Amino acid sequence: MSTISCERPSSPSSTLHEHYIESQSSSNHTAESSHNSQKTHRTDDTCSSPSMYPGHGTSASPYIVDWGHDDPENPYNWTKAKKWVITMQLALCTWTVAFGSSSYTGGIQGTMRDLRISEDVAILGISLYVLGFALGPLVFAPMGEMFGRRIVFLVTLSVYAVFQIGGSLGHNLPTLLSCRLLTGIFGSSPLTNAGGAVSDIWNARERGLASAIYATVPFLGPEVIGPIVGGFVAQNPHLGWHFNFWLIFLFSGITLVLGYFVTPETYGPVLLRRRAARLSAASNGIVHHVSKHDLHRSRSFLHVMRVNLSRPFVFIFTEPIVLLLAIYISIMYGTLYALFSGFPIVFQHHRGFTPGQSGLAFLGVGFGIVLGIASQSYQNRIYRRTMDSSPTGRAPPEARLHTAIMGGVLIPIGLFWFAWTTSPSIHWIVPVLAGIPFGAGVAQILQSLTTYLMDTYPLYFASSIAATIVLRSCCGAAFPLFSPSMFKTLGDQWAMSVFAFLALICAPIPMLFFKYGWWIRSKSRVACKDYSSSTTDSALSMTPSSQFEMIQETIHVKEDLEVDLPFNKDETHLV
């Protein structure tokens with residue numbers, strides 16, 4: 001009997017599946033006939049027949065459920081229109097959280113006046129919010145990989161919106177600071193899970209522009225729109241600094257409603273787990289199915305929680321790619337938030353700008369971010385040319401790093417330019433224009449390194465990005481606290497030069513991975529590897545029993561990390 005009626009992707013994994021099924025079809029004919037006589041149900045799953053999957057359908061050897069070729073339930077096969085709607089909703093959600101971090105800065109003077117606190121205490125409202133970005137991903141990133149992105153989004157955004165009311169109505173310091181910390185914690189969910197959702201629905205060839213939008217558009221919130229809106233709202237006597245919290249509440253409510261209606265579950269392992277459960281339930285439990293990602297997964301909830309919650313820290317200490325990129329992104333992120341306290345000093349205290357006018361000084365950075373996003377089209381062309389010239393039709397993750405190398409040069413140029421043109425004797429437009437190369441460089445670094453992490457850790461991107469967010473948020477929380485003292489002690493020029501020198505030291509990191517990233521990935525147990533066409537040829541020459549053993553070993557690479565690797569037609573290769 002023929003057991004293959006649904007074409008699978010042309011990849012080593014799919015070929016191994018097919019050869020195994022064919023080799024087992026005669027020996028398992030009696031067992032399958034017994035199962036098939038009881039399976040009179042029909043499902044809407046592409047490749048829903050259990051014979052499409054390797055295994056025997058028993059509790060000891062269940063059918064291993066995987067995606068079929070052109071499977072409509074596979075997020076990679078959703079329509080472009082649906083993917084773009086989801087991507088824009090995720091970008092809006094992340095933008096809303098980022099806006100909440102910086103709109104607060106426009107009302108710092110009013111907060112100091114109404115609550116009778118010093119500037120250092122008022123800045124804690126920024127630092128605690130960003131500190132929440134470091135705490136939340138430790139829980140929400142692995143929970144998104146355990147239970148799915150959607151449920152985590154909806155729950156955390158609901159709590160985030162509720163705590164904005166506390167900031168709107170609070171009239172004392174403990175209420176204000178506690179609400180800022182809690183909103184930062186629950187608002188951190190989109191920072192990790194939104195990026196994971198983008199990698200869930202866009203394959204490696206398509207995700208360049210989508211990742212650029214996700215990675216950089218949200219930074220228009222803290223860098224441009226937040227300071228401008230927050231400044232003009234706070235200086236309006238009819239609104240005041242409390243109104244900034246109502247704005248954030250409004251935006252968070254809109255994104256929550258949109259997320260509920262337009263963004264479904266996108267995480268492949270969760271969708272396959274649901275498919276396996278449907279198929280098993282349809283046979284009244286007689287035929288057993290299991291997702292390929294759950295084949296060797298522990299059934300102990302406590303064990304699963306321990307493994308998933310520890311994974312971001314494991315990535316930091318065992319993955320040099322994650323560690324170095326986290327350090328680089330953290331310094332850039334800390335510099336970004338240092339500007340929130342540095343710009344008021346340079347433009348308000350020394351040049352006499354109003355809070356709203358000081359916010360307008362961020363327009364140079366915003367224009368640079370737009371230019372950085374536009375440069376992604378250049379990066380995409382390079383990446384696609386690399387794919388087209390590759391014998392396997394795949395490009396290595398390092399093909400994403402061209403704009404990161406460019407951004408590593410632009411950032412110190414912009415910072416040194418700004419540092420030595422801050423004097424009031426120099427026209428204000430000159431330091432504002434310095435924000436253009438800085439903004440462009442930040443956008444290029446973020447979008448390039450984000451897609452690099454997506455390609456390097458496709459299934460556990462949320463955990464890898466969570467590791468970077470923990471470090472960058474700690475820097476984002478600390479830099480605004482000591483930067484005013486730096487400006488006071490060192491002066492505007494040398495204080496900004498310190499950040500410029502840090503950026504200059506980090507600039508070679510993308511170049512390092514561009515040249516040696518393939519070797520570093522080859523030493524990792526969880527990063528994707530580069531496989532040539534010879535890998536497929538050698539796999540085809542194996543005996544069927546050896547092929548099935550390879551499948552089992554591949555799925556069960558490292559039990560203590562619970563790493564289950566994808567066999568998607570457009571995604572990375574066997575790890």
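The analysis underlying the following values was restricted to heavy atoms, covering all of them including side chains, and did not include hydrogens, waters or symmetry mates. What you are looking at is a predicted structure, and each value in this text was computed from that prediction instead of being measured.
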Quiz item: At their closest point, which heavy atom of Thr403 faces which heavy atom of Gln379, and how far apart are they?
Solution: N-OE1, 3.2 Å
Exercise. Specify the closest pair of heavy atoms between Cys179 and Gly167, including all atoms of both residues, with the distance to one decimal.
Key: SG-N, 3.9 Å
Quiz item: For Phe140 and Val155, what are the C-alpha separation, side-chain angles and deciding distance, and is it a side chain to side chain contact (heavy atoms under 4.5 Å, CB included)?
Solution: CA-CA 10 Å; Phe140 301 134; Val155 172; over 6 Å; no
Quiz item: So, Gln447 side chain and Gly372 main chain: donor-acceptor pair closer than 3.5 Å or not?
Solution: yes
Self-check item: Close side-chain approach of Val442 to Val365, heavy-atom, < 4.5 Å
Solution: no
Practice problem: Using modelled atom types only, decide if a donor and an acceptor are shared between the side chain of His349 and the backbone of Val346 within a distance under 3.5 Å. | Solution: no
Quiz prompt | Spatial distance of atom CD (Gln89) from atom OG1 (Thr94) [nearest 0.5 Å] | solution = 8.5 Å
Exercise. Anything under 30° is parallel, anything over 60° is perpendicular, the rest tilted; go ahead and classify Tyr129 against Phe133.
Key: perpendicular
Quiz item: Under 3.5 Å, side chain of Ser389 to main-chain N/O of Thr386, donor-acceptor pair present?
Solution: yes
Quiz item: Are side-chain heavy atoms of Trp417 and Val430 found at a separation under 4.5 Å?
Solution: yes
Self-check item: Residues which pass salt bridge (Lys or Arg N to Asp or Glu O under 4.0 Å) with Lys523, listed by chain and number, not counting sequence neighbours
Solution: none
Quiz item: Distance-only, no hydrogens or angles: does the Ser330 side chain make a donor-acceptor pair with backbone N or O of Arg472 under 3.5 Å?
Solution: yes
Practice problem: Look up atom CG in Leu258 and atom CD1 in Ile86, then write down how far apart they are to the nearest 0.5 Å. | Solution: 12.5 Å
Quiz item: Do Arg180's NZ or CZ and the ring of Tyr104 fall within the cation-pi criteria of under 6.0 Å and 45°?
Solution: yes
Quiz item: Looking at OG1 of Thr183 and CG of Leu181, how far apart are the two atoms once the value is rounded to the nearest 0.5 Å?
Solution: 7.5 Å
Exercise. Report yes or no: does Ser188 contribute a side-chain atom to a donor-acceptor pair with the main-chain N or O of Ile185 at less than 3.5 Å?
Key: yes
Self-check item: For Glu319, all residues meeting side chain to side chain donor-acceptor pair (under 3.5 Å), sequence neighbours excluded
Solution: Tyr457, Ser524
Quiz item: So, for Tyr383 and Pro396, which heavy atoms are closest and what is the spacing to 0.1 Å?
Solution: CE1-O, 4.1 Å
Practice problem: Would you indicate whether Met387, at its atom CE, is surrounded by more than 12 heavy atoms from other residues, nucleotides or ligands within a distance under 6.0 Å? | Solution: yes
Quiz item: Crowded around Phe482 CZ? As in, over 12 foreign heavy atoms under 6.0 Å?
Solution: yes
Practice problem: Please report the C-alpha distance between Ile321 and Phe315 in whole Å, then the side-chain angles of each, then the deciding distance to 0.1 Å, and finally whether the side chain to side chain contact (heavy atoms under 4.5 Å, CB included) criterion is met. | Solution: CA-CA 9 Å; Ile321 292 176; Phe315 275 31; over 6 Å; no
Quiz item: Less than 4.5 Å apart, any side-chain heavy atom of Leu173 and any of Val121?
Solution: yes
Practice problem: For Ser522, enumerate each residue passing the side chain to side chain donor-acceptor pair (under 3.5 Å) test, keeping only those at least two apart in sequence or located in another chain. | Solution: none
Quiz item: Is there a donor-acceptor pair under 3.5 Å between the side chain of Thr489 and the backbone N or O of Met486?
Solution: no
Self-check item: Exercise: do Asn172 and Thr175 side chains pair donor with acceptor under 3.5 Å
Solution: yes
Practice problem: To the nearest 0.5 Å, tell me how far Leu410 CG sits from Ile405 CD1. | Solution: 12.5 Å
Quiz item: Do the two ring centres, one from Tyr160 and one from Phe186, sit under 6.0 Å apart?
Solution: no
Quiz item: Roughly how far apart are Leu131 CG and Ser473 OG, rounded to 0.5 Å?
Solution: 8.0 Å
Quiz item: If you look at every heavy atom in Met112 and Ala122, which pair is closest and at what distance?
Solution: CG-CB, 3.6 Å
Acceptor/donor pairs from residues 248-256 side chains to any protein atom, 3.5 angstrom cut, sequence neighbours excluded:
unit_1, atom_1, unit_2, atom_2, d
Ser252, OG, Ile248, O, 3.0
Ser252, OG, Phe249, O, 2.8
Thr255, OG1, Phe251, O, 3.2
Thr255, OG1, Ser252, O, 2.9

Self-check item: Met332 versus Ile411, closest heavy-atom pair with distance
Solution: SD-CD1, 3.4 Å
Exercise. Given side chain to side chain contact (heavy atoms under 4.5 Å, CB included), test Val470 with Leu135 step by step and report yes or no.
Key: CA-CA 7 Å; Val470 169; Leu135 302 176; over 6 Å; no
Self-check item: Side-chain donor or acceptor of Arg149 paired with backbone N/O of Ala194 under 3.5 Å
Solution: no
Self-check item: Partners meeting side chain to side chain donor-acceptor pair (under 3.5 Å) with Ser375 (sequence neighbours left out)
Solution: Gln444
Quiz item: Between Phe343 and Phe362, is a ring-ring contact (aromatic ring centres under 6.0 Å, His included) present by the stated rule, with each step listed?
Solution: CA-CA 8 Å; Phe343 267 47; Phe362 282 93; 4.3 Å; yes
Quiz item: How about Tyr260 and Val257: do any of their side-chain heavy atoms sit closer than 4.5 Å?
Solution: no
Practice problem: Show your working on side chain to side chain contact (heavy atoms under 4.5 Å, CB included) between Leu324 and Tyr328 and close with a plain yes or no. | Solution: CA-CA 6 Å; Leu324 289 179; Tyr328 193 4; over 6 Å; no
Quiz item: What's the shortest heavy-atom distance between Leu154 and Gly259, and which atoms?
Solution: CD2-C, 4.3 Å
Quiz item: Is there a side-chain contact between Ile126 and Ser101 (heavy atoms, below 4.5 Å)?
Solution: no
Quiz item: Are any non-hydrogen side-chain atoms of Thr422 and Ile345 less than 4.5 angstrom apart?
Solution: no
Considering only distance and modelled atom types, tabulate donor-acceptor pairs under 3.5 Å from the side chains of residues 490-516, sequence neighbours left out.
unit_1, atom_1, unit_2, atom_2, d
Asp492, OD2, His350, ND1, 2.7
Ser497, OG, Trp420, NE1, 3.0
Ser497, OG, Gln493, O, 2.8

Quiz item: Between Phe317 and Leu323, is any pair of side-chain heavy atoms under 4.5 Å apart?
Solution: no
Exercise. Could you tell me whether the side chain of His242 and the main chain of Ser168 form a donor-acceptor pair under 3.5 Å?
Key: yes
Exercise. Measure the spacing between CZ of Arg385 and CG of Asn380 and express it to the nearest 0.5 Å.
Key: 11.0 Å
Quiz item: Just wondering, do Leu433 and Ile436 contact through their side chains at under 4.5 Å, heavy atoms?
Solution: yes
